Every structure is written in structure tokens, then in C-alpha cells.
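What follows is a set of notes on a single structure, which appears directly below.
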Amino acid sequence: MNINTDSYKIAPLDGTTQALAIIKNAESEIAKITGNHVTLIAYEKSEKK
């Protein structure tokens with residue numbers, strides 16, 4: 001899969017323990033429901049220049 005967009009960029013979540021915990025928990029819950037490992041990716045809206 002290749003996602004290309006100028007509208008969003010990967011969100012820098014370094015040091016945001018609570019946000020990472022929420023994402024990891026959501027991944028785990030989705031995996032339980034679907035039976036497949038999932039990875040969630042956080043994007044943030046890019047500033048238009």
C-alpha cells in the first residue's frame with residue numbers, strides 16, 4: 001500500500017504516552033474483533049504553504 005498526500009503527514013507522537021496507549025489498545029481490540037493483527041497510523045493535517 002502506498003499513501004501519498006500533501007494534506008496530511010505522520011503525527012509526531014513521541015513523548016505522548018497517553019496517545020500511544022490509546023492507539024495500542026485500539027489495535028488490540030480491533031485484532032480481537034477481526035482476528036487479524038492491525039496497525040493504526042496517526043496522521044495530522046498538514047499546513048498548506
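Every value quoted in this text rests on a predicted model; they were computed, and no experiment measured them.
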ask   = Taking atom CG of L40 and atom CG of N25, what is their separation to the nearest 0.5 Å?
value = 10.5 Å

inquiry  = Using every non-hydrogen atom in the two residues, find where V38 and E27 come nearest and quote the distance to one decimal.
reply    = CG2-O, 3.4 Å

Under-4.0 Å salt bridge between E29 and K32 = yes

key: same_hphob_cluster(I23, I30) at 4.5 Å side-chain heavy-atom cutoff   = yes

message = Check for me whether K45 meets the cation-pi criterion with Y8, that is, NZ or CZ under 6.0 Å from the six-membered ring centre and within 45 degrees of the ring axis.
response = yes

query = Between H37 and A31, which heavy-atom pair has the shortest distance, and what is it?
reply = CA-CB, 4.4 Å

